[in-house]
Protein chains: 2
Amino acid sequence: MAKELKELTPRSVDYSQWYLDLVIKADLAENSAVRGCMVIKPYGYAIWEKIQRQLDDMFKETGHVNAYFPLFIPKSFLSKEADHVEGFAKECAVVTHYRLKNDPDGKGVIVDPEAKLEEELIVRPTSETIIWNTYRNWIQSYRDLPILVNQWANVVRWEMRTRLFLRTAEFLWQEGHTAHATREEAEAETIQMLNVYAQFAEEHMAMPVIKGVKSASERFAGALETYTIEAMMQDGKALQSGTSHFLGQNFAKAFDVKFADKEGKMDYVWATSWGLSTRLIGALIMAHSDDNGLVLPPKLAPFQVVIVPIYKGEEQLSKIDAKVEGLVKSLKSLGISVKYDNADNKKPGWKFSEYELKGVPVRLAIGARDMENNTVEVARRDTLTKETVSFDGLDIYIKNLLDDIQANIYKKAFDFRTSRMITVDTYEEFKEKIEEGYFIFAHWDGTSETEERVKTETKATIRCIPLEGDKTPGKCMVTGKPSVQRVVFARAY
Amino acid sequence: MAKELKELTPRSVDYSQWYLDLVIKADLAENSAVRGCMVIKPYGYAIWEKIQRQLDDMFKETGHVNAYFPLFIPKSFLSKEADHVEGFAKECAVVTHYRLKNDPDGKGVIVDPEAKLEEELIVRPTSETIIWNTYRNWIQSYRDLPILVNQWANVVRWEMRTRLFLRTAEFLWQEGHTAHATREEAEAETIQMLNVYAQFAEEHMAMPVIKGVKSASERFAGALETYTIEAMMQDGKALQSGTSHFLGQNFAKAFDVKFADKEGKMDYVWATSWGLSTRLIGALIMAHSDDNGLVLPPKLAPFQVVIVPIYKGEEQLSKIDAKVEGLVKSLKSLGISVKYDNADNKKPGWKFSEYELKGVPVRLAIGARDMENNTVEVARRDTLTKETVSFDGLDIYIKNLLDDIQANIYKKAFDFRTSRMITVDTYEEFKEKIEEGYFIFAHWDGTSETEERVKTETKATIRCIPLEGDKTPGKCMVTGKPSVQRVVFARAY
């Protein structure tokens with residue numbers, strides 16, 4: 001890849017194009033031959049593996065286990081919960097046949113009309129229906145509860161306008177589906193998982209989030225309440241990064257899932273579901289990266305350190321190889337992932353710009369003078385700064401540096417968000433500020449009509465009713481009617 | 001679950017029913033509402049996670065990376081490789097529409113006839129076609145090779161007769177797809193991955209396997225050669241446990257994937273693919289388990305040790321709790337997974353039979369007398385033997401015991417297989433022995449006709465032409481024609 005091929009459209013010129021350039025040029029993903037479906041390339045998938053490993057550990061620490069349910073959902077299941085079918089029927093892939101046969105008129109294949117399914121199958125857009133149909137057989141008494149299950153899976157929603165990672169017809173995600181004996185327990189689970197998501201976003205993705213509850217019109221189809229974490233991208237837009245739903249007894253009623261309590265009384269089971277997807281990779285890119293390429297927080301970088309030797313001839317290289325060998329070993333023993341790139345078919349300059357584009361947090365370069373002085377050049381991706389550091393104690397130095405980079409990336413995102421959050425009291429000021437890319441804390445009268453009007457007139461939506469912070473009542477900026485507390489408006493992905 | 005509910009049909013009475021009983025009663029999997037698709041329950045999925053983690057490490061150690069390709073394959077792609085479409089068109093799920101709408105005649109939903117796809121999509125039965133269509137854009141020159149990619153995914157093959165884990169319409173697997181500049185390199189990769197599978201089967205699943213090459217009629221649709229590992233189940237039948245395919249240039253030609261070599265000469269790329277699925281859980285069950293339940297090799301057991309306290313009253317329990325706490329910690333620090341089951345709603349006897357059914361390799365029981373004597377009762381699942389062991393040094397004792405159990409389970413399976421392998425020279429003896437459940441090493445003339453005749457007359461198939469062992473030529477047991485070497489015949493799952 002020549003230097004110019006790596007150049008990205010600057011964010012200031014076209015943010016959207018910058019994003020697309022970056023996804024493609026950093027080898028994260030690409031569009032496939034199937035409309036709306038992406039290919040997640042090895043470097044992008046390695047980030048997803050880091051996300052998975054970390055979240056999976058957090059789910060298990062909170063008592064959850066993994067399981068796997070069918071890809072297909074009988075069409076009739078969707079209809080059992082009225083809001084649910086309303087939400088998903090309009091964008092689902094439908095399997096109608098189970099065989100192809102040779103085309104009598106040509107050398108291709110056609111659908112065999114004799115192999116029509118009695119009931120069509122939907123490729124799961126989410127699994128509440130098939131899972132609650134299964135739970136009916138798993139649950140008889142309070143002793144069978146709670147069920148704390150998570151699934152890692154692919155899902156399909158036939159979106160018309162797609163965008164790599166952010167909105168694709170097929171995506172990868174995890175979906176937790178829990179069953180409880182009481183309302184209180186299910187509500188506590190919903191909040192617990194919201195907090196797990198927020199902790200993951202802040203500590204691992206280095207991305208500050210606002211935790212809150214969705215307005216009625218933005219609720220998951222079939223939920224009583226939807227909780228969300230909302231993150232700010234560098235253009236001031238919001239990205240919903242994970243949702244946790246309190247489903248009440250809706251799905252238990254739709255699939256007739258009852259249990260006997262300690263006194264033998266029968267009641268419907270209480271439910272939650274919560275999900276987070278490959279969309280998060282889009283968030284990660286848009287929250288931190290710059291015009292030179294990706295900026296990855298060390299905790300999610302496929303590799304955290306790259307070492308590039310600068311040499312003339314085999315002899316010099318073999319000396320550097322020998323010196324680096326011990327460093328690689330001691331970094332690995334500290335749990336740091338490291339790549340030593342001594343491939344001789346690429347120049348150091350090419351490698352430098354490649355790893356910058358790929359967002360490797362720390363780059364070490366070691367040349368003849370460094371060998372003499374027992375030093376190494378250490379470059380940080382987040383600040384694009386360099387310094388010369390002694391080889392002695394370098395492993396510990398790098399370990400601390402990675403912590404520092406993780407914290408700095410978070411701080412940068414946090415400070416940016418702070419500079420783009422504003423409290424507004426008039427609809428006039430609102431319309432002005434929303435154009436500039438802000439999270440706007442404003443009073444709202446609680447009605448879907450006002451919410452819809454704001455959306456139509458400004459393209460801003462209510463991202464959430466925040467759980468934390470100022471809870472003072474006031475008057476709706478649009479209608480002047482009473483408002484319980486300020487809510488967060490923003491334009492969103 | 002009452003005691004009698006845990007009882008399994010004995011293997012001697014009905015092997016097939018024993019298997020099904022065990023899968024259901026040990027909570028591994030169950031049939032779903034969708035024909036042929038299973039629900040993998042948490043305990044079964046935990047075994048799959050162990051398999052995944054270990055194999056994934058082995059793939060990465062051999063230089064492979066993970067990626068993700070679309071679930072859907074355009075219908076026309078299947079037809080591009082002639083053998084491939086022949087192999088898969090007859091059993092594939094076909095997506096024809098992308099939307100439902102309300103049924104005007106009722107309260108359900110129907111397929112929206114206006115939302116018909118221009119080209120039908122196949123739910124992937126395997127991903128060679130979509131992946132080689134993608135590789136076309138990834139490969140220009142020898143510098144882009146090799147590509148060493150693996151995918152963890154679900155696939156669908158519309159099987160008519162299904163059986164939990166062994167044959168299901170949807171299953172989980174990994175599929176490796178590699179691209180190489182030379183025939184030799186692709187062949188070496190094919191063999192390397194066969195060896196990885198064999199090593200995994202023997203060292204982790206404790207299941208001896210025969211490595212070999214498939215006869216032409218059993219080859220993967222589109223491959224030049226298919227290599228296999230074949231394991232013996234306790235009824236003497238064979239189970240194909242993993243396959244590695246040398247695809248030659250077939251898919252490169254079908255999807256026009258060429259590269260420029262060092263001299264600038266264009267040639268088609270060489271390919272391999274290799275896969276291993278949740279079917280392996282069926283193999284694991286059938287290779288080792290007994291009439292009391294699962295017998296899991298320690299390396300794949302969801303937890304390796306369970307500790308059951310035997311007590312009267314809270315005070316005694318809290319003393320045992322305190323004593324066990326340190327043991328749990330030191331076992332964990334040795335990398336041993338352990339569950340301390342001090343739940344008071346179940347009797348020790350119930351727990352004993354539950355963990356026996358679930359195949360936990362080591363069970364510790366600790367009661368009043370043990371507390372006095374500083375001992376614990378150690379029960380092995382594989383031999384169903386017990387002994388009293390001192391608490392001092394117990395962690396190291398258990399670590400060694402787990403190694404011993406792993407080795408013993410392998411040895412038992414190996415010895416069983418040895419007792420059921422036989423060399424046969426006449427078709428008469430063959431027909432007799434095949435009824436008794438043997439792997440039969442016999443001479444074959446190399447023709448599909450003879451192979452087909454043996455299959456029709458005895459239900460035995462050629463499992464493989466072994467890579468190792470006796471290579472002496474001879475005469476076909478059926479036709480008397482020349483044979484290059486003995487091949488392995490068996491009935492198979």
Side-chain angles (χ1 to χ4, degrees), chain A residues 30 32-34 37-46 48-49 65-79 85 89-102 107-111 115 120-123 130 133-134 137 143 149 153-154 156 158 169-170 172 345, chain B residues 30 32-34 37-46 48-49 65-79 85 89-102 107-111 115 120-123 130 133-134 137 143 149 153-154 156 158 169-170 172 345:
Chain A
E30 65 185 37
S32 78
V34 182
C37 293
M38 65 181 160
V39 171
I40 307 179
K41 297 180 80 171
Y43 198 66
Y45 198 84
W48 181 239
E49 286 181 284
V65 289
N66 290 325
Y68 188 77
F69 297 86
L71 171 66
F72 299 126
I73 294 175
K75 192 191 65 179
S76 59
F77 280 25
L78 268 194
S79 316
V85 67
K90 283 171 206 132
E91 48 174 33
C92 57
V94 189
V95 176
T96 57
H97 292 73
Y98 58 85
R99 194 168 60 221
L100 301 174
K101 64 170 194 174
N102 290 327
K107 47 181 218 150
V109 279
I110 59 168
V111 176
E120 295 89 349
L121 297 171
I122 309 307
V123 181
I130 188 87
N133 185 66
T134 306
N137 301 320
R143 282 186 215 90
V149 161
N154 52 344
V156 171
W158 210 260
E170 182 192 16
L172 303 184
N345 55 351
Chain B
E30 64 186 38
S32 78
V34 181
C37 293
M38 66 181 159
V39 172
I40 307 179
K41 298 182 78 171
Y43 197 65
Y45 198 83
W48 182 239
E49 285 180 284
V65 289
N66 290 323
Y68 188 77
F69 296 85
L71 171 66
F72 299 125
I73 294 175
K75 192 189 65 179
S76 59
F77 280 26
L78 268 194
S79 318
V85 68
K90 284 170 205 133
E91 48 173 33
C92 58
V94 189
V95 176
T96 55
H97 291 75
Y98 59 84
R99 194 165 62 218
L100 301 174
K101 65 170 193 173
N102 290 327
K107 47 182 218 151
V109 279
I110 57 168
V111 176
E120 295 90 348
L121 298 171
I122 309 308
V123 180
I130 188 86
N133 185 65
T134 306
N137 301 320
R143 282 187 214 88
V149 161
N154 52 345
V156 171
W158 208 261
E170 182 192 15
L172 304 183
N345 57 351

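In this text the structure is predicted, and so the values were computed from the model without any measurement. Chain identifiers are assigned alphabetically (A, B, ...) following the order of the sequence lines, protein sequences preceding nucleic acid strands; residue numbering begins at 1 within each chain.
- Under the 4.5 Å side-chain criterion, counting only non-hydrogen atoms from C-beta, B/Thr96 is not in contact with A/Val94.
- Heavy-atom pairs under 4.5 Å with chain A peak, among B/Ser79, B/Ala89, B/Gly108, at B/Ala89.
- The minimum heavy-atom distance between B/Ala67 and A/Ile40, with the atom names listed, is CB-O, 3.3 Å.
- Interface remark: A/Val109 contributes backbone and side-chain atoms alike to the contact with chain B (heavy atom separation under 4.5 Å).
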Please assess A/Tyr68 against B/Asn154 for the test side chain to side chain contact (heavy atoms under 4.5 Å, CB included), listing each intermediate value before the final yes or no.
CA-CA 10 Å; A/Tyr68 188 77; B/Asn154 52 345; 3.2 Å; yes

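- Using a 4.5 Å cut-off between heavy atoms, B/Ser76 makes no contact with chain A at all.
- The candidate from B/Leu78, B/Val34, B/Val156 with the greatest count of non-hydrogen atom pairs under 4.5 Å with chain A is B/Val34.
- The choice from A/Glu120, A/Met38, A/Lys75 that makes the most heavy-atom pairs within less than 4.5 Å of chain B is A/Lys75.
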Test log, rule side chain to side chain contact (heavy atoms under 4.5 Å, CB included), inputs A/Val123 and B/Phe72
CA-CA 11 Å; A/Val123 181; B/Phe72 299 125; 4.1 Å; yes

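- Your options are A/Ser32, A/Ala33, A/Pro42, and the one with the most heavy-atom pairs under 4.5 Å with chain B is A/Pro42.
- Separation of atoms NZ (A/Lys41) and CG (B/Asn66) is listed at 15.5 Å; rounding is to 0.5 Å.
- With a threshold of 4.5 angstrom between heavy atoms, A/Leu71 approaches chain B through its backbone and through its side chain.
- For the pair A/Ile130/B/Val39, no side-chain contact is recorded, criterion being any heavy-atom separation below 4.5 Å from C-beta on.
- For chain A, the nearby part of B/Val85 is the side chain; its heavy atoms alone come within less than 4.5 Å.
- Interface check for chain A: of the options B/Arg143, B/Glu91, B/Glu30, the most heavy-atom pairs under 4.5 Å are formed by B/Glu30.
- Within the 4.5 angstrom heavy-atom criterion, only side-chain atoms of B/Phe77, from C-beta onward, approach chain A.
- Side-chain contact check for B/Cys92 versus A/Arg99: every heavy-atom pair is 4.5 Å or farther apart.
- Ranked by heavy-atom pairs shorter than 4.5 Å toward chain B, the options A/Leu172, A/Leu100, A/Ile122, A/Asn102 are led by A/Leu100.
- Across B/Val149, B/Asn133, B/Ile73, B/Val111, the residue that shares the most heavy-atom pairs under 4.5 angstrom with chain A is B/Val111.
- Here B/Lys90 contributes atom NZ and A/Lys101 contributes atom NZ; the two are 13.0 Å apart, rounded to the nearest 0.5 Å.
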